[in-house]
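First the structure, in the form of structure tokens, and then the observations on it.
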Amino acid sequence: MTYVRPKFRHPELPKNKLGYTLSYYEGALSTLCAGCGHDSISAAIVQACYDLDIEPHKVAKLSGIGCSSKTPAYFLSNSHGFNSVHGRMPSVATGANLANRDLKYIGISGDGDTASIGMGQFVHVIRRNLNMLYVVMNNGCYGLTKGQDSATADAGSKNKTGQVNLFQSIDLASLAIELGATFVAQSFSGDKQQLVPLMKAAMKHQGFAFINVISPCVTFNNNVGSTKSYDYVREHVEATGTLDFVPMMSEITTEYAEGSTEHLVLHDGSIIELHKLADGWDPHNRISAINAVQHAKAKNEILTGLLYMEKETTDLHDMLGTTDIPLNSLTKEILCPGSGKLKELNDSLR
Amino acid sequence: MSAGSNSVNDFVVRFANVNGTGSASANFLFTKSIFRMGIPVTPKNIFPSNIQGLPTWYEVRVSEKGYLGRREGIDLMVCVNPQSMMNDVKSVKKGGYFLYDSTKKLHDEFIREDINYIGIPLMEMCNREFNDARQRQLFKNIIYVGALCGLLDIEVSVFEGLFAEQFKGKEKLIAPNMKSLQMGIDYVKQNFSCPLNIRVERRDLLKDAIMVDGNSACGLGAVYAGATVAAWYPITPSTSVVEAFMEYAAEYRVDPQTGKKNYAIVQAEDELAAIGMVIGANWNGARSFTATSGPGVSLMNEFLGLGYFAEIPAVLIDVQRAGPSTGMPTRVQQSDILEAAYASHGDTKQILVIPSTPRECFEMTADAFDLAEQLQTPVIVMTDLDLGMNDHVSPPFEWDDKRIFHRGKVLTADFLENMPKFGRYLDVDGDGIPYRTYPGTHPTKGAFFTRGTSRDEYAAYTEDAGAYKRNMDRLMVKWETAKKMVHAPELYQHKNHHGNGILFYGTSKYAAEEAIDLLKEQGIHLDAIRIKSFPFNSTVEQFIAAHDKVFVVDQNRDAQMRSLLMIELGINPEKLTSILSYDGMPITADLIQQSITNNLSIHKVKEGTLS
Ligand SMILES: Cc1ncc(C[n+]2csc(CCOP(=O)(O)OP(=O)(O)O)c2C)c(N)n1
Ligand code: SF4
Ligand SMILES: [Mg+2]
């Protein structure tokens, strides 16, 4: 049921630049099933925020409804959290972001929360290039309502009751690339090595960063015949490459053979060191990225890793032309035109 | 055929136009000219849910006594729409006037013996004078305004002034407009005896009044209240609220140095997203609002419940239209009262404020932001299509520069630093209103988890029956607090005098006030109260208790306000007599007067047989 965290903490646990230990980035104890993929993703978020020296109180974490959407309670307990309503996290995140552009926004959703009830809001938040990290914990089923197929369940995939799904699945990563998302990645909850640097890069991205993480539901969809089980995913993962995240102003230490390594520069100067495995794939080219995902799919493989990114993007605030100062900090003196203007207006209405 | 008795400053003119022909600005010009002559005037658009081609009407009531509700009975019909002519002829009052384009002869079927015909060859005059087709259309409208100027004795100089303002910067348009106007004046002066027995005479009855629509006033109120995030999805009749916010914000809220906006407006993908954005922004400490109508409120229900239960401020402006479903999208009703008051599943109660005039739209929208933040809950401004989309004579807007934004109980970093333990849902002050924090305030203190699920005083998830119940009961304590904070009703007397009372709200104000006068002339005296908010504060309860019978005016079929009074105040249904109007047209004084007279006389007969 609940995974127990050791209470004793060594006094000399390593600290990040802000002086915080890793545990400072944790949340309440998880109440998800032991082995649930979602918990590993929470752990990756904790690790990424710790590594990036992020001030937890400068993060807002938002979610919809589902087992996945419960996870914001299980990481970053010093951040404000908002577990909203089913499928509507994107709108709440949009409002929150408009109110204060200085915070980091992490949105957590499930495949039910995003690909069914929340599909409308998902596609529109992409169009707006809202500056946020949007994570889907994708288990191909509705965990919280006891395992019904979701819209990301693959056609032919069998769930725990033995039922075979007949409907086509929605491929969220391809959709996001197609709709103009400016950072798209795919990963597997069981691959911490890949997930953590991806999270870091996504959090540094200026604009809408989407990570679709296959995250098995051990209770309802981890059986033989399911294409979202641990075993199946492990056997069918194909990575676009391995990657490291190098924060801004750090030295690049590891060396790789010329040609196989590419340095992708992020908005703030941080670098993704990408050791490419996939042929003919260009992470800066939308068509190439979609092709790569579709080719893998045709071979029954799940392509993971960074799929697509743009360095400089225009986010919603830029598009709307809002002030650089957080709107929630503007005072009456700036916001209220005052009685003088009202007198003029009255005159014009006579 | 001679017309009825002489009538100065007391008549109704109706214009029958075709949607999309530029008639709107000519009609407004007419209304404004009467306004400028210092006479109370009230225009109403009666329009279809269509962009071009269908009939529209514009009805203008002129009333020396200042009655600004709709009145049945048309004294003068200006008919420039052949499509609706049959009905238009029929709708003229006996002895009234029918102004039409006489370029083509009027068929016999349109001739009534009991009305007067004023034929003006509008098209012929235009064709002679103007070459361009669009110009012909526009100036045809101005010619009929000119005709009215002559027929009703409106001062020509008033139009000179209006044109000068309208065409500031495009001065060369003034001359052709004045010329068209004069063509109309000259024609009627040569061919009819002017003025008619209905006419205007200059007065000084309006003092400092302005003329504006309620939606503009709501949008302006949001600007003055410091709203920075607006999210919306277009729907008649609410669209112009956000459009007004857009215009006023563009004027008053752009940083002169950087050219950047001190506000953000998002056209959302639907009303669910619109209210979601509003809740997200308010949660994060920005004042934010949306505007919609009935169908949108239906969609917003889930979020309104979240706002209520998780205690997040939000301002929603509901410009009501005729339901149910898509109903009559361009007609008026007050039929969202119950749906708004109890919006969302579970035990919910929402704060409503109900303006009656543009001035109140401005003030109450601004107040709604204070209330929402002070009470940490959604506040719904209940206006309607009549108030929102029609111009109204209104007291001017007023703003006290000393007024502060009441942001409610929000803890600062300093405060958090020095307090022992923060409990988001603790009732520290005993008024049911807890303290909140904005995200990002303090590095280690004050963070909490907002959720629509049950939680304890420290915002931790719980299914404990006691904690759940404590929370629900605290929300009722807050509701009691709200009763003292929301707008008090308007009482029409210092002391209650009479056995019977009348209760109304929103745009029924105009017709009700007139009806009270009419009834007085008949010897029927009523005490009156106008409700401005929900929850009902104690004055409402006292008013009902002090009267034997209270007439409740509702512009809906189901007597929604009456139900709300019964539910919330436990009033004996027999005490509340409904007066209902729900045909989509603004309620009239006549209807109220008739209903009350009938009710009281039936009652007398009954009493008589008993004794
Ligand atoms: C409006 C509404 N409809 C239905 C539900 C019930 N419900 C809760 S979670 C859920 C599905 C969650 O699936 P997913 O997003 O994939 O999350 P998971 O539990 O699989 O992580 C549903 C249907 C709800 N909470 N609200
Ligand atoms: S039901 Fe599935 S998704 Fe939900 S917590 Fe358990 S394993 Fe995770
Ligand atoms: Mg799921």
Side-chain angles (χ1 to χ4, degrees), chain A residues 28 55-60 62 65 72-73 77-86 88-100 102-103 120-121 123-124 128 316-317 320-332 334-343 345-346 349-350, chain B residues 208-212 220 223-226 228-229 231 252-253 255 258-266 268-270 272-274 276-286 288 302-303 306 396-401 404-405 437-444 447-453 461:
Chain A
E55 288 271 19
H57 77 291
K58 295 290 181 196
V59 176
L62 304 105
I65 297 290
S77 56
N78 288 297
S79 304
H80 272 68
F82 195 156
N83 189 190
S84 67
V85 288
H86 197 19
R88 319 293 173 200
M89 174 273 284
S91 61
V92 179
T94 303
N97 185 308
L98 288 175
N100 184 356
D102 281 357
L103 300 186
Q121 299 211 345
V123 302
H124 286 279
R128 297 188 182 106
L316 181 58
H317 279 282
L320 295 177
T322 45
T323 171
D324 299 339
I325 304 158
L327 289 174
N328 71 353
S329 69
L330 299 177
T331 57
K332 188 192 113 181
I334 291 171
L335 297 175
C336 182
S339 63
K341 289 270 186 267
L342 205 54
K343 281 207 183 74
L345 190 70
N346 280 329
L349 296 171
R350 288 191 177 109
Chain B
D208 60 350
I210 56 172
M211 191 153 79
V212 67
L220 185 71
V223 170
Y224 269 72
T228 51
V229 179
Y252 301 129
R253 286 276 197 82
D255 189 292
T258 60
K260 293 200 172 175
K261 295 174 182 160
N262 289 323
Y263 63 96
I265 302 172
V266 182
E269 53 271 34
D270 54 33
L272 285 80
M277 291 175 195
V278 168
I279 286 194
N282 276 293
W283 173 75
N284 212 3
S288 172
E302 190 185 20
F303 261 124
L306 176 75
F397 300 134
E398 260 172 39
W399 185 263
D400 179 359
D401 288 322
I404 56 165
F405 294 165
T437 56
Y438 299 154
T441 303
H442 189 284
T444 54
F448 69 96
F449 204 73
T450 302
R451 43 161 63 89
T453 44
Y461 178 76

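By convention in this document, chain letters (A, B, ...) are assigned in the order of the sequence lines, proteins followed by strands, and residues within each chain are numbered from 1. Since this is a predicted model, take the numbers as computed values, not measurements.
- Within the 4.5 Å cutoff, the side chain of A:His57 has no heavy atoms near those of the B:Thr444 side chain.
- When all heavy atoms of B:Lys261 and A:Leu320 are compared, the pair lying nearest together is NZ-O, 3.2 Å.
- Residue with the most contacts toward chain A among B:Thr228, B:Thr258, B:Val278, B:Leu220: B:Thr228 (heavy-atom pairs, distance under 4.5 Å).
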- prompt: Could you walk me through whether A:Leu349 and B:Met211 pass the side-chain contact (heavy atoms from CB on, under 4.5 Å) check?
  reply: CA-CA 6 Å; A:Leu349 296 171; B:Met211 191 153 79; 5.9 Å; no
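- No other option in B:Gly452, B:Ala268, B:Ala264, B:Ala274 has as many heavy-atom pairs under 4.5 Å with chain A as B:Ala264.
- Contact between B:Gly276 and A:Ser91 at its shortest, heavy atoms only, is CA-OG, 3.4 Å.
- Rounding to the nearest 0.5 Å gives a distance of 8.0 Å between CD1 of B:Ile404 and NZ of A:Lys332.
- Within the 4.5 angstrom heavy-atom criterion, only backbone atoms of A:Ser79 (N, CA, C, O) approach chain B.
- Judged purely by atom type and a 3.5 angstrom limit, A:Asn83 has no side-chain atom pairing as donor or acceptor with the backbone of B:Arg451.
- When every heavy atom of B:Pro443 is checked against every heavy atom of A:Asn78, the shortest pair comes out as O-CB, 4.0 Å.
- Counting all heavy atoms, side chain and backbone alike, B:Arg253 lies closest to A:Ile334 at CD-O, 4.2 Å.
- The CG atom of A:Leu342 lies 9.0 Å from the CG atom of B:Asp401; values are rounded to the nearest 0.5 Å.
- Note that CD of A:Gln121 and CD of B:Glu269 are 5.0 Å apart. Values are rounded to the nearest 0.5 Å.
- Contacts between B:Leu306 and chain A at a heavy-atom distance below 4.5 Å involve the side chain alone, from C-beta outward.
- Side-chain atoms of B:Asp255 and A:Thr323, non-hydrogen and from C-beta on, never get closer than 4.5 Å to each other.
- B:Asn282 CG to A:Asn328 CG: the interatomic distance, rounded to the nearest 0.5 Å, is 10.5 Å.
- Counting heavy-atom pairs under 4.5 Å between each of B:Trp399, B:Tyr461, B:Phe449 and chain A puts B:Phe449 at the top.
- The contact between A:Leu103 and chain B is made entirely by side chain atoms (from C-beta outward), counting heavy-atom distances below 4.5 Å.
- Using a 4.5 Å cut-off between heavy atoms, A:Ser329 makes no contact with chain B at all.
- Of all the heavy atoms in A:Leu345 and B:Tyr252, the pair that sits closest is CD1-OH, 3.9 Å.
- Counting heavy atoms from C-beta outward, B:Val223 and A:Pro337 have side chains that approach closer than 4.5 Å.
- At a cut-off of 3.5 Å, with distance as the only test, no side-chain donor of B:Thr441 or A:His80 sits close to an acceptor on the other residue.
- Inter-residue side-chain proximity for A:Val92 and B:Phe303 is flagged as met; some heavy-atom pair is nearer than 4.5 Å.
- Between A:Asn346 and B:Asp208 the shortest side-chain heavy-atom distance does not fall below 4.5 Å.
- A 4.5 Å side-chain heavy-atom check between A:Asn100 and B:Tyr438 finds every atom pair outside the cut-off.
- The shortest distance between side-chain heavy atoms of A:Phe82 and B:Pro439 does not fall below 4.5 Å.
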